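Only a predicted model underlies this, so the values are computations on that prediction, with no experimental measurement involved.
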Amino acid sequence: MHTAADGPDPGAPLTASFSLSIAVEGVPLAPLTYTSPDALHRGDWVVVPLGRAERLGLVVDAAAQPRSDAKPIIAASPMAPLIEADLALLEFAARYTHHSVGQAIAAAVSPVLREPERHRERRTPKGRQQPAWVIAAAEADAEAVSSTDSTPDAEGDRLSSALPAPTADQQRALQEIRHHWPQPVHLWGITGSGKTRVYQALLAEILAQNPQAQVLVLVPEIGLTPQLARRLAEAFPYEPMAVLHSGLPEVARARATLAAMQGRARIVLGTRLATLTPMPHLAAIVMDEEHDASYKQQEGLKYHARDLALWRARQRGVPLLMGSATPSLEAWALIDEGRLARVDLHQRATGQPLPEIRLIDMRSAPAQQGVATAALAQLDATLAAGQQALVFLNRRGWAPVLGCEACGWFDGCGQCSVGRVLHRGASGQWRCACHHCGAESAPPRRCPDCGATDLQPMGRGLQQVETDLAARWPHIRSIRLDRDAMKSSKALAQALDDIRDGRVQLVFATQMVAKGHDFPGLQTVLVLNADTQLANPEFRAPEQLFSLLLQVAGRAGRHGGSAIAPTVTIQTRQPEHPIFQTLLQATPKAHERLLRSMLDERRMAGLPPHRHIAAVRISHANEARAQQMADDLCAILRATIESRGMAGLQVLQPMRRHPERVAGKLRLQILLESDRRAPLHEALAWLGRAELWAEWTEGRRMEISMEVDPLTLT
Ligand code: ADP
Ligand code: ZN
Ligand code: ZN
């Protein structure tokens, strides 16, 4: 930071010039110094030279003193300046994730908007003057918005009257939430309790209070945006809405970002990346499906949208409403600490009962091709009654791996220490694909160890289940929803429409459908092989399995009107497990008891959310080098902690991650543990000092990353 006390630089030219500290988009360094002939301010956007290229930059500090050694900026951008609160958000996100503000800009501003030439006026080849794209796009949008035909009938009555009146239970929840606001609130509403209706009512109040107010609505997955966009458009037909996620065409995403940044979009609906989108008139945040792990960004700026949303709401003094049928243990801990108010919604809005849950003990039940005879009968009855059924298996592909029964060999990825998944292409060709590095090839013809030619698929993936079961009901229209079948967000939106409108009867799906969808005709859910997750050693696995099963179960029988009673059938070889037993009890009280016992287990094991963890991760192709680097970093961290007297911070011995090799690189990590986050941040900030970083990684093809609150510990 340069202040007036720095004094003028004696070598400076006498021309008036202002020295600016600028965060350069994408650059992993502290802000750089540039000069400008005009006075600019913190929050202004500029185009700056960087090497031989140009980049978008953000003024984070403006000092009046000239500095002769700095380069001048290229141009000031016409993009509306960031307000202080939004700039502070980017700075917080950068600090929290141990990245630069420049990298936070890259996460907050969509790619097209970061292109420097979009911020400058241009001449066409014919010599015509063209305005900067940010202005042109805004003008085009303004025309589009003002050309919509209707205006609300009465001022202040902007919420559509077509919505059903809130139920008594919803009314009570609304009262309680209003009572708590602006303290953040968690709405624990069982599946089908109509949380969206509650959001609509509260957002209507916020939007009516202030004609400029903007609201931010977050969903964990792109696939949930069409449904919620439709419901918000139904509720607020006159409010400009911007939808933001990474699956949009670039120009559409840039326009949506711009509409949010300029305050033109009153409703901003988006995935986790929208948590960082600047919104000058932000007045409330809604975070639906709060428990969902997709809210955690796993690459680059590794933030959790929940943490950012909490910080952003507090800093702006605006209400934050989270909602979930299965609150995360993090949310429970916040509730216990009094930092999050809790409001319950324990009845289905449509008056329908929760579906009946049945367990099938696969150790003894008769089955065909991995599906119990009783479950097949249930599917038969559902389909015969013209209702929809969902078959859930959280495993993509045809089979988890190809193996040799003769000698025990199995097909692994040459670059990663994992098996390759067997897939069947659209035209029937087989391929083995690594889900970690993406490499794939045709399956081997014979066992490389013993030469046997009858290699067998081991286990069952969703593709195989689909093929087997669809053949049973050849006249029934079925669809498979997983990442292989739904490559684009458009295909997914279409598939979800087909299910909702009843154009398909039998749905095969991975966890893609477990989240928040409202399918009116769905009565029967069959969960195949939930047990694999029970064997997962990750500390979050039990919590995630429980919430996944509750969410999937919650898709059944939401609307009634069927002769078939809604049922959820779960196949397991461990029916006595507390997770399944709690699902059988099917009361919020029982659910809360289980979640609380999980929370106690975490406390006793010294795991989040009670204790905090940070990871320093190292990967390198050379095993010895990776190990050496990990040992060095561990020693440095321990020495620093000692010399700085940082109490209550443990640095664990470097360990191999799982899988230990990905894309040819050995992966190691050092875990740091503490009862508080602050010392973890302090240690990582020290480790991340740019000069150390460059020295360590340069020329060694060593990748080092740091993360506070990692989702997994392996
Ligand atoms: P949740 O997200 O809590 O699982 P939804 O918001 O999807 O539940 O609502 C479940 C269903 O109940 C939806 O079809 C919705 O239209 C309906 N619903 C919600 N509130 C009401 C209400 N007050 N009256 C009638 N139907 C409602
Ligand atoms: Zn073999
Ligand atoms: Zn691989």
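The side-chain contact (heavy atoms from CB on, under 4.5 Å) test with Ser110 singles out one residue from Thr277, Thr257, Val251, and that residue is Thr257. In summary, of the residues considered (Glu289, Met287, Glu290), a side-chain contact (heavy atoms from CB on, under 4.5 Å) with Pro220 occurs for Glu289 alone.
Ring-plane geometry between Trp430 and Trp398 is classed as perpendicular, the angle between the planes exceeding 60 degrees on a 0 to 90 degree scale with a lower cut at 30. Classification of the His577-Phe580 ring pair by plane angle, with boundaries at 30° and 60°, yields perpendicular. In this pair, Phe546 and His591 present their aromatic rings perpendicular. The plane angle is above 60°, beyond the 30 to 60° band.
Neither side chain, Gln352 nor His559, offers a donor N or O lying under 3.5 Å from an acceptor on the other. In summary, the side chains of Gln297 and Arg272 do present a donor paired with an acceptor at a separation below 3.5 Å, with no hydrogens or angles considered. Side chain to side chain, Arg656 and Thr714 fail the donor-acceptor criterion of an N or O pair below 3.5 Å. There is a side-chain donor-acceptor pair under 3.5 Å between Thr326 and Gln551. Residues Glu356 and Thr567 have side chains that never bring a donor and an acceptor to within less than 3.5 angstrom of each other. Checked by atom type, the side-chain pair Gln523/Arg558 shows no donor-acceptor distance below 3.5 Å. Side-chain polar atoms of Gln669 and Arg617 form a donor-acceptor pair below 3.5 angstrom. Residues Gln387 and Thr524 bring no donor and acceptor atom of their side chains to less than 3.5 Å of each other. Tyr96 and Asp709 share a side-chain donor-acceptor pair at under 3.5 Å.
Here the side chain of Gln571 pairs no donor or acceptor atom with the backbone of Asp361 at under 3.5 angstrom. Remark: side-chain polar atoms of Arg348 are paired, donor with acceptor, to backbone N or O of Gly557 under 3.5 angstrom. Using a distance-only test at 3.5 Å, with no hydrogens or angles considered, no donor-acceptor pair links the side chain of Arg657 to the main chain of Glu660. Checking side-chain atoms of Tyr295 against main-chain N and O of Glu221 turns up no donor-acceptor pair under 3.5 Å. A distance-only check finds no donor-acceptor pair linking the side chain of Thr569 to the backbone of Leu526 [under 3.5 Å]. A donor-acceptor pair is defined here as one N or O able to donate and one able to accept, closer than 3.5 Å; no such pair exists between the side chain of Asp501 and the backbone of Arg503. Here the side chain of Arg555 pairs a donor or acceptor atom with the backbone of His517 at under 3.5 angstrom. Of the possible donor and acceptor atoms, one in the side chain of Asn394 sits under 3.5 Å from a partner among the backbone N and O of Gln511. A distance-only check finds a donor-acceptor pair linking the side chain of Arg312 to the backbone of Thr275 [under 3.5 Å]. At distances below 3.5 Å, not a single donor-acceptor pair connects side-chain atoms of Glu440 with backbone N or O atoms of Arg431.
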Exercise for the section: Might you work through the salt bridge (Lys or Arg N to Asp or Glu O under 4.0 Å) test for Asp497 and Arg230, ending with a clear yes or no? Expected result: CA-CA 12 Å; Asp497 272 356; Arg230 191 172 49 241; 3.8 Å; yes
Exercise for the section: Could you walk me through whether His291 and Ser324 pass the side chain to side chain donor-acceptor pair (under 3.5 Å) test, one step at a time? Expected result: CA-CA 7 Å; His291 62 278; Ser324 173; 2.7 Å; yes
Practice task
Let me see the working for Leu216 and Val286 under side-chain contact (heavy atoms from CB on, under 4.5 Å), right down to the final yes or no.
Solution key: CA-CA 6 Å; Leu216 173 62; Val286 167; over 6 Å; no
Practice task
Quick one: do Ser427 and Gln429 satisfy side chain to side chain donor-acceptor pair (under 3.5 Å)? Show the steps, please.
Solution key: CA-CA 6 Å; Ser427 43; Gln429 76 285 17; 2.8 Å; yes
Exercise for the section: Under the salt bridge (Lys or Arg N to Asp or Glu O under 4.0 Å) rule, what do Arg573 and Asp531 come out as? Steps first, then yes or no, please. Expected result: CA-CA 7 Å; Arg573 301 178 72 84; Asp531 297 354; 5.7 Å; no
Handout entry: Steps toward side chain to side chain donor-acceptor pair (under 3.5 Å) verdict (Thr196, Arg231)
Key = CA-CA 8 Å; Thr196 315; Arg231 288 177 169 186; 2.8 Å; yes
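The shortest non-hydrogen separation linking Tyr199 to Gly323 is OH-CA, 3.4 Å. Across every non-hydrogen atom of His436 and Cys416, the tightest pair is CB-SG, 4.1 Å. Taking every heavy atom of both residues into account, Arg424 and Gln463 meet most closely at O-NE2, 2.6 Å. Here the shortest heavy-atom pairing between Ile222 and Ser246 reads CD1-OG, 3.8 Å. Nearest heavy-atom pair, Ala106 versus Arg114, reported as atom, atom and distance to 0.1 Å: O-NH1, 2.7 Å. Gly397 and Asp484 make their closest contact through N-OD2, 3.9 Å (heavy atoms, listed as atom of the first residue, atom of the second, distance).
In this structure the side chain of Gln227 never reaches within 4.5 angstrom of the side chain of Arg500, judged on heavy atoms. Between Leu402 and Pro444, the closest side-chain pair of non-hydrogen atoms falls below 4.5 Å. No side-chain heavy atom of Arg661 sits under 4.5 Å from any side-chain heavy atom of Gln415. Contact annotation: the side chain of Leu481 approaches that of Leu492 to within less than 4.5 Å [non-hydrogen atoms, C-beta and beyond]. Inter-residue side-chain proximity for Leu90 and Ile105 is flagged as met; some heavy-atom pair is nearer than 4.5 Å. At least one side-chain heavy atom of Val527 sits less than 4.5 Å from a side-chain heavy atom of Leu549. The shortest side-chain heavy-atom distance between Arg253 and Leu273 falls under the 4.5 Å cut-off. Met702 places a side-chain heavy atom less than 4.5 Å from the side chain of Ile618.
Separation of atoms CD (Glu405) and CD (Gln456) is listed at 5.0 Å; rounding is to 0.5 Å. Atom CZ of Arg667 sits about 15.5 Å away from atom NE2 of His620, to the nearest 0.5 Å. In this structure, the separation between CD on Glu466 and CZ on Phe508 is 6.0 Å, given to the nearest 0.5 Å. Going from atom CG of Leu383 over to atom CD of Gln378 covers 10.0 Å, rounded to the nearest 0.5 Å. Note that the SG atom of Cys413 and the CZ atom of Arg420 stand 7.0 Å from one another [nearest 0.5 Å]. Here the NZ atom belonging to Lys195 is positioned 13.0 Å from the CD atom belonging to Gln200, to the nearest 0.5 angstrom.
In summary, Lys302 and Glu707 do not engage in a salt bridge, as defined by a charged side-chain N under 4.0 Å from a carboxylate O. Salt bridge Glu250/Arg255: absent, no basic N to carboxylate O contact under 4.0 Å.
The local environment of CZ in Arg446 is sparse, with at most 12 non-hydrogen atoms from other residues, nucleotides or ligands closer than 6.0 Å. Within a 6.0 Å sphere centred on CZ of Arg483, other residues, nucleotides and ligands contribute 12 heavy atoms or fewer.
For Leu584, the side chain to side chain contact (heavy atoms under 4.5 Å, CB included) partners are Ile357, Leu359, Gln581, not counting sequence neighbours.
Under the 6.0 Å cut-off for aromatic ring centres, His435 and His423 qualify, their centroids lying closer than that.
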